[in-house]
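Values below: every heavy atom of this structure, side chains too, minus hydrogens, waters and symmetry copies. These figures come from a predicted structure and were not determined experimentally.
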Amino acid sequence: MSERNGLRYGLLGIALIALLGVLGFIASRPAPATTESAAQTQVEGLKSLAELDGKAPGRRALEIQSWQTPEGAKVLFVAAPELPMFDLRLTFAAGSSQDAGVPGLAMLTNAMLNEGVAGKDVTAIAEGFEGLGAEFGNGAYRDMAVASLRSLTAGEQRQPALDLFTQVVGAPTFPEDALARIKNQVLAGFEYQKQNPGKLAGLELFDKLYGQHPYAHPSDGNEQSIPGITPAQLKAFHQKAYTAGNVVIALVGDLSRADAEAIANQVSQALPKGPALPKVAQPDAPKAGLTHIEFPSKQTHLMLAQLGVDRNDPDYAALYLGNQILGGGGFGTRLMEEVREKRGLTYGVSSGFTAMQVRGPFMIGLQTRAELSQGTLKLVQDIVRQYLAEGPTQKELDDAKREVAGSFPLSTASNADIVGQLGAIGFYNLPLTYLEDFMRQVQALDVAEVKAAMAKHLSADDFVIVTAGPTVAQKELPPPTDKPAALPSGVPEH
């Protein structure tokens with residue numbers, strides 16, 4: 001998922017982390033916690049996953065330096081002199097969980113950052129970055145809000161880009177005309193969502209899963225909350241949540257330590273002064289059960305969820321590996337094998353933990369022909385029940401370890417990947433050695449440990465389930481076959 005450069009580019013396709021579309025909610029890297037897009041690189045020379053057996057996972061060595069600015073900002077820095085550029089990423093604890101009864105407040109505040117500063121409107125800001133060959137990015141989610149800058153490191157580009165960036169992030173003016181325009185775009189997005197059963201199911205799922213908890217409401221707010229949000233509320237939220245004490249500054253690029261300190265100090269000094277915001281409380285366990293949304297279509301969306309873990313849970317590595325076997329690893333997982341390959345019920349089914357500041361969701365999502373939806377739902381639950389009871393096989397465990405090791409270099413394949421990892425490490429207070437620690441933990445796991453972790457944190461009977469589709473007479477599922485089954489007509493390909 002890529003960062004948004006404001007909401008004016010593509011709000012009709014609002015999905016965000018908040019909705020976690022049927023197949024879009026699974027994190028495919030060892031430690032993703034932000035919205036960095038997947039690196040498009042390969043492990044050079046690797047012909048087979050079997051070649052990784054007994055080999056240490058290759059990756060770009062990171063020497064992470066960390067310190068705190070006088071204003072209280074946490075800084076993580078990696079020098080990368082290979083290219084004459086740098087990536088700067090600010091991660092604030094300023095997501096929708098801090099909306100405080102005004103859904104959409106955090107999202108609108110973030111979206112308005114680059115809409116106006118003293119002496120510059122949105123066009124002048126965009127032209128300012130473009131003229132320097134720099135890129136500005138921003139986005140707001142449940143836990144966090146981010147703002148990023150990519151620039152050349154030469155002084156004639158770096159300093160003007162930093163000056164504009166710090167003005168945008170530290171002193172936005174929140175002009176009323178821009179706010180009205182963005183509100184209209186958000187409201188248009190809500191109308192679009194009404195025609196998308198997957199989005200409707202995602203909204204309902206989070207409402208049922210989290211109840212009165214701040215994670216329950218959508219990050220983008222709703223039709224009732226958005227129209228009434230004022231520039232004064234945005235300014236107040238910015239002063240409270242975009243403070244130096246509430247930010248992690250991640251820096252990667254062709255910079256010396258002195259350069260990095262100067263950049264971090266300039267950013268920190270430009271932000272409002274204030275402490276870190278407290279974390280939200282842990283959510284209460286929801287009541288399991290099924291909710292159906294009637295929607296005219298040939299397919300039914302099936303979404304299942306229960307509370308998972310927070311980002312600091314000691315079982316995270318075991319759960320990550322266990323889920324890779326269940327449904328997080330694409331083809332070859334238990335869910336894909338049983339639901340798609342043997343019965344042809346769907347083009348894609350996947351599962352995943354979204355570990356957050358407090359307990360994030362564990363989710364399974366797919367869509368299938370409406371007349372097979374009840375049988376497919378039962379099949380998915382039975383697969384989970386059997387997996388939790390038996391655990392993975394040794395072969396499944398070994399294959400999953402190889403896959404994780406093979407994809408591990410992608411987590412640091414580019415400066416953008418690294419700055420995302422640094423932001424996550426800082427935001428979730430993980431050790432600086434986290435990436436290496438994670439791989440060691442994964443490779444050391446045995447079958448019993450994975451089985452115990454999955455059974456400890458999940459139950460086949462605790463799912464909150466939301467379905468969206470038509471009410472039709474149900475048919476029996478086709479029997480499983482050793483050969484890949486033909487996919488039923490009416491199931492959309494992803």
Side-chain angles (χ1 to χ4, degrees), residues 2-6 17 32-36 64-78 85-98 106-115 117 125 129 134-151 158-159 161-172 234 237-253 255 259-277 357 415-430:
S2 60
E3 294 175 2
R4 295 179 310 202
N5 188 1
I17 287 177
T34 58
T35 56
E36 295 296 315
I64 303 174
Q65 304 176 53
S66 182
W67 64 92
Q68 193 172 60
T69 70
E71 294 77 23
K74 182 189 296 185
V75 185
L76 288 88
F77 166 59
V78 169
M85 58 181 290
F86 71 94
D87 284 88
L88 167 64
R89 184 183 183 92
L90 310 186
T91 304
F92 298 90
S96 62
S97 59
Q98 301 290 345
M107 178 275 295
L108 280 179
T109 301
N110 183 271
M112 287 286 292
L113 291 177
N114 60 328
E115 292 290 331
V117 297
I125 292 171
F129 285 121
E135 298 176 3
F136 174 83
N138 58 326
Y141 314 101
R142 279 191 162 84
D143 271 345
M144 64 182 68
V146 300
S148 63
L149 173 69
R150 169 173 285 182
S151 172
R158 178 174 70 188
Q159 196 54 52
L162 280 169
D163 291 344
L164 181 56
F165 178 77
T166 53
Q167 192 177 11
V168 164
V169 177
L234 301 182
F237 186 84
H238 181 269
Q239 288 294 311
K240 177 185 76 171
Y242 282 73
T243 64
N246 198 44
V247 69
V248 173
I249 301 174
L251 261 171
V252 178
L255 302 166
D259 292 333
E261 289 184 0
I263 291 172
N265 286 339
Q266 180 176 345
V267 170
S268 182
Q269 291 165 12
L271 297 174
K273 304 301 182 287
L277 296 182
Q357 277 193 316
N415 288 1
D417 295 312
I418 297 172
V419 83
Q421 296 288 359
L422 296 186
I425 288 170
F427 186 80
Y428 293 111
N429 293 311
L430 301 170

S.K.: Please report the closest heavy-atom contact between Arg89 and Gly420, naming both atoms and the distance.
M.R.: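 Looking at all heavy atoms of both residues, the shortest contact is CD-CA, 4.2 Å.
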S.K.: First locate atom CZ of Arg142, then atom OG of Ser97, and finally report the distance between them rounded to the nearest 0.5 Å.
M.R.: 9.5 Å
S.K.: Locate the shortest heavy-atom distance separating Ala270 from Thr166; write the atom from each residue and the value.
M.R.: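 Closest approach of Ala270 to Thr166: CB-CB, 3.7 Å.
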S.K.: Applying side chain to side chain contact (heavy atoms under 4.5 Å, CB included), can you list everything that pairs with Ala106, at least two apart in sequence or on another chain?
M.R.: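 Expected list: Asp99, Phe237.
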S.K.: Under a 4.5 Å cut-off applied to non-hydrogen side-chain atoms, are Arg158 and Leu255 in contact?
M.R.: yes
S.K.: Return the set of residues passing side chain to side chain donor-acceptor pair (under 3.5 Å) with Asn246 (not counting sequence neighbours), or none when no residue passes.
M.R.: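 Partners of Asn246 under the side chain to side chain donor-acceptor pair (under 3.5 Å) test: none.
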S.K.: Got Tyr141 and Val146 here, is their nearest side-chain heavy-atom distance under 4.5 Å?
M.R.: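 The answer is yes; the side chains approach within 4.5 Å.
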S.K.: Give the intermediate values and the outcome of side-chain contact (heavy atoms from CB on, under 4.5 Å) for residues Phe86 and Leu149.
M.R.: CA-CA 8 Å; Phe86 71 94; Leu149 173 69; 4.2 Å; yes
S.K.: So which atom in Asn138 and which in Ala111 form the shortest heavy-atom distance, rounded to 0.1 Å?
M.R.: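 So the minimum-distance heavy-atom pair works out to ND2-CA, 3.8 Å.
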S.K.: Got a donor-acceptor contact below 3.5 angstrom from the Asp87 side chain to the Arg150 backbone?
M.R.: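 Judged by distance alone, no pair lies under 3.5 Å.
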S.K.: Holding to ring-ring contact (aromatic ring centres under 6.0 Å, His included), I want the full list of residues that pass it with Tyr242, two or more places apart in sequence or in another chain.
M.R.: Phe92, His238
S.K.: Could you list the residues that satisfy side chain to side chain donor-acceptor pair (under 3.5 Å) with Ser268, not counting sequence neighbours?
M.R.: Thr69, Glu71
S.K.: To the closest 0.5 Å, what do you measure between CD1 (Ile249) and CZ (Phe77)?
M.R.: 13.0 Å
S.K.: Do Leu234 and Thr109 have side chains that approach each other closer than 4.5 Å (heavy atoms only, starting at C-beta)?
M.R.: yes
S.K.: Is a side-chain donor or acceptor of Asp143 paired with a backbone partner of Gln357 at a separation under 3.5 angstrom?
M.R.: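 Yes, the answer is positive, given that a donor and an acceptor are paired below the 3.5 Å cut-off.
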S.K.: Can you name the closest pair of heavy atoms from Phe427 and Thr91 and give their distance?
M.R.: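 Heavy atoms of Phe427 and Thr91 come nearest at CD1-CG2, 3.5 Å.
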S.K.: Atom NZ of Lys273 and atom CD of Gln239: how far apart are they, to the nearest 0.5 Å?
M.R.: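 So the gap between those two atoms works out to 10.0 Å.
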S.K.: Considering non-hydrogen atoms only, spot the tightest contact between Leu162 and Leu88 and give its length.
M.R.: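 The pair with the smallest heavy-atom distance is CD2-CD2, 4.0 Å.
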S.K.: Taking only residues two or more places apart in sequence or in another chain, which ones pass side chain to side chain contact (heavy atoms under 4.5 Å, CB included) with Asn429?
M.R.: Lys74
S.K.: Heavy-atom distance under 4.5 Å between the side chains of Val169 and Val267, does that happen here?
M.R.: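 Of all side-chain heavy-atom pairs linking Val267 with Val169, none is under 4.5 Å.
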S.K.: Return the set of residues passing salt bridge (Lys or Arg N to Asp or Glu O under 4.0 Å) with Glu261 (not counting sequence neighbours), or none when no residue passes.
M.R.: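 For Glu261, the residues satisfying salt bridge (Lys or Arg N to Asp or Glu O under 4.0 Å) (neighbours in sequence not counted) are Arg257.
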S.K.: What closest approach, in Å, do Ala260 and Leu251 show between heavy atoms, and which atom pair accounts for it?
M.R.: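 Heavy-atom minimum between the residues: O-CD1, 3.6 Å.
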S.K.: Could you grab the distance from atom CD1 of Ile418 to atom CD of Gln421, nearest 0.5 Å is fine?
M.R.: 9.0 Å
S.K.: State which residues pass side chain to side chain donor-acceptor pair (under 3.5 Å) with Gln159; sequence neighbours excluded, sorted by chain then number.
M.R.: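 Expected list: Asp163, Gln266.
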